[in-house]
Every structure is written in structure tokens, then in C-alpha cells.
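Positions are given from 1, in the same order as the sequence printed here. Owing to the predicted nature of the structure, the values given are computational and were not obtained by experimental measurement.
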Amino acid sequence: AAAHGAGLLFAALAVFAWRLGAEASADTAGRGRERRAAAGVIAALLLLPAVSARAASMSRQKRELEKLSRELEALREEADRYREEAGRAERDLTESALQQRRLESKMSALRRELDDAEGARRTLGGRLVTLDAARSDAQRLLARELGDYVRRADQLASAGTAGVMEDAVRRGALRAKTAYLGGVGVVHDRTVTEHAAAQRHQATLRRRTETQLTELERTRRSKAKAQEDLEDKTRRVGEAEARIAALEESRRALTSLVRELEKKESRAAQAGYRAEPPIKPRSLPWPVAGKVLSGFGKRRVPELGTWSVHNGVEIAAAVGVPVRPVSPGEVIFSGPFRSYGNVVIINHGGGFYSIYGHLEAPLPAKGARARLDAPVGNAAGQGSVYLELRQAGRALDPLRWLKP
């Protein structure tokens, strides 16, 4: 707008000069001034479109720069969000490790308690065996003595005082053995109850141990999977960042190369560049027949949760398929270039360029004339061909200019 205003101001000054010359038309010198003033008007009117076009180009570049700045800021914000997500994943992994340690500590305590319960059960079992043996011995002894007492009962009754005393002794011994046998039975019954309780407690501890083991195993698997996922994600992120960095560097280098090639043209030719290519939209032939695998502009990178900027498109192509130019022109670059593989750049005139990547030999020589029927190379082993269109240094969306 400022340049346009300057052009208008320049035209107004020229008109003013013409009017001054017209007022001095009385003599020959005045007529000369009039002719010079008129020439100034014509020159100003001729320069005005060029100034306006240059101003429009600068305004476009400024808008694109602001757009790229906003996209870069968005990418930074998304990268910050990813780092926050990675931090949360790391904290979750740490919590899983703590949970695993807590479960392992519980398992150790349960194992100790289970060992104690097993020891108590074995002790009570041993006691039961001893009590059973003691009760059996006491029962046999009591039965033998009781039988002997019954057999001697008549003898003792007729033995007088000695018989009475022996009978009293035998009765006391029988009562003592009976009481002992009863005590053994009580202890035996109590031990049976305690032994059964110890077995139930042991079974409960075993079930708890199995449950804890299942939970611990699940936690271990979850932790191992989280660790594996984190390592895989970190690896994929690293690979994606390296790939994006290489592509971004290649994109900047390719843009710089095209600008350097443009500078070799005359200033007059550069001044005549238009904002749009000297062709109709949807009129260019495709370099290869294939599906568009990667579009123009911003593209999301799932590994990073961010976006990357692409100045061209990737078109699916089998290895060895001929790649033809979209328009005739002059080959101004032919050879390997960074991550694009073999690259061919064609100048179609008027500031319009086409760039082809992922090619294999044979390639046309620099300075050769590109024709629609002559391939600029064959599709290489990447499974796709790269196409980029530029007008006056600005990347264009190829799908707007290729035939539908």
C-alpha cells in the first residue's frame, strides 16, 4: 500500500510538472519543458504497476512469514505438550515400580506368615501324634489293670484287711489313670481344634498369597509393557525428530538452491515475475500416474503429535516408472540433493519452476531442454516421486495446477 501510494504521489508530481510546462508554452524552451513533463507522466504510469506488484509480493511474503511464525509457535506448544505427556508416562512408570515394590514387600510378609503357619500346623500335628500314642497307651494300660482288678476282686474281698488295702490302692490307681486318660483326651480335642484352625489359616494365607502373586505378576507385566512402550515411543520420537530435522533442513536447502538459481536471471526478468504461474489451473500433466501419499502444506506427525510443513507432494510410483516434466523448460539442476535423492529442477520461465525428487538415472544434463515426451528420470526405490512447484520463489500446491 505504501509503495502504491508512492507511485501515485510520483504520478501527481509528474502531472504537476506537466502543468508548469504547459503554462510556459509561449516559447520553445517552454514547449521543451512541456514535452519533458509529459514524458515524466508516462514514465510514472509505466512504473506504477511494477511498484504495485513488488509491494504486493512483499505483502504476500510478510503474510507467509507471519503464517509460518504462527505455525512454528503451534509446533512448539505441541512439543511442550508432548514433553508433558512423556513426563506423565515416566511418573506412571515410577508409580508402577513403587507398586511392584509394595506388592513384593507384602508377598515377603505373607510368605513369612505362611511359613509360621506351616510351622504351627506341623507342631500341632506332631503334638496330635504324641497325644494319640499316649492316649492309646493309657487306654491299653487302664484296660489291662481294670481286667486284672476284676479278676482279683473276689480274692481281695476274702483276703481280710490286706485285701481291703490292696483294693483301695488298685481303685486309686484306676481313678488316677482314668483322670489322666481324660486329661489326655481334653488336650487331644483342643489340639485337634487348634490344628484345624491352623489348617484353615494356612489355606487362607495360601489364597491371599496366590492373589498377591497374580496381582504382582499383572503389575510386573504392566510395568514391562509400560517400559517397552516408553522405550518404543522414545525411539520412534527420536527417529521422527531426526527425520523431520533432515526434511526441514533439506527443504530449507532446496528453497535456498532455487533462490540462488533465480538470482542468476536478469533483474528485468525477475521484475516481470507474476504472483501466479503463466498457465491455467488444472492444466498440467502428472509426472507419474499414482496416488498422492503426502499432501502439500502442514502434515501431522503422529509420533510427535506435532505438524511439519511440506512444500510439495509425494506421488506413489513403482520402481523404474518414467517421470516426465509437467511443462517444457530448461534443466537448471540435475543430481543428488540431501534426503530427496536425485533431483531435477526445471525453469519454465516467468519465475515458474518445477522440482522432481526420488529419481534414478538416467537424468538429463544441466542446460538440457526438457520436453513433455522426454523423462527427467525414473522412480527410485522409495515407492514415490516428489513434486514441487514454485512461482517467484513461493511454493505452490501442485494439486491446484495438475489435471484432475
What pair of heavy atoms forms the shortest contact from [X] to [Y], and how long is it?
X	Y	answer
S327	H348	O-CE1, 2.8 Å
R390	G393	NH1-O, 2.9 Å
I346	A370	CD1-CB, 3.6 Å
L142	K177	CD1-CB, 3.9 Å
A198	L124	CB-CD1, 4.0 Å
A317	A379	CB-CB, 3.8 Å

query = What do you reckon, is CZ of R122 surrounded by more than 12 foreign heavy atoms closer than 6.0 Å?
reply =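 Not more than 12 within 6.0 Å, no.
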[Y] side chain reached by [X] side chain, heavy atoms, under 4.5 Å:
X	Y	value
V323	H358	no
S294	H310	yes
K225	R221	no
Y356	L387	yes
L389	V326	yes
H201	R121	no
E215	R218	yes
Q391	E276	no

inquiry  = Apply side-chain contact (heavy atoms from CB on, under 4.5 Å) to residues W286 and V385 and explain how you reach the verdict.
reply    = CA-CA 11 Å; W286 287 66; V385 170; over 6 Å; no
Within this structure, what is the [atom1]-[atom2] distance for the pair [X] and [Y], rounded to the nearest 0.5 Å?
X	Y	atom1	atom2	value
L293	Q382	CG	CD	12.0 Å
Q212	R102	CD	CZ	12.0 Å
R101	T219	CZ	OG1	12.5 Å
D397	N311	CG	CG	11.0 Å
E330	K366	CD	NZ	9.0 Å
I355	I345	CD1	CD1	5.0 Å

key: Donor on one side chain, acceptor on other, T209 and R206, under 3.5 Å   =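 No, no side-chain donor-acceptor pair sits under 3.5 Å.
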query = With sequence neighbours excluded, what pairs up with E228 under the side-chain hydrogen bond (donor to acceptor under 3.5 Å, both in side chains) test?
reply = none
task = For the pair Y386 and Y340, name the ring-plane relationship: parallel under 30°, tilted 30 to 60°, perpendicular over 60°.
result = tilted
task = Using the six-membered ring wherever Trp is involved, compare the ring planes of F333 and F337 and label them parallel, tilted or perpendicular (cut-offs 30° and 60°).
result =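 Perpendicular: the ring planes of F333 and F337 meet at over 60°.
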Stepwise side chain to side chain donor-acceptor pair (under 3.5 Å) check, T204 with R207 = CA-CA 5 Å; T204 301; R207 288 193 296 271; 3.3 Å; yes
query = Which is it for V187 and T191 under the side-chain contact (heavy atoms from CB on, under 4.5 Å) test, yes or no, and what are the steps along the way?
reply = CA-CA 6 Å; V187 174; T191 303; 3.9 Å; yes
request  = Show your working on side-chain contact (heavy atoms from CB on, under 4.5 Å) between H188 and L128 and close with a plain yes or no.
outcome  = CA-CA 6 Å; H188 180 274; L128 277 177; 3.9 Å; yes
query = Is there a donor-acceptor contact under 3.5 Å from the side chain of S334 to the main chain of L363?
reply = no
Full working for side-chain contact (heavy atoms from CB on, under 4.5 Å) between L181 and R135 = CA-CA 6 Å; L181 185 59; R135 186 167 63 173; 3.4 Å; yes
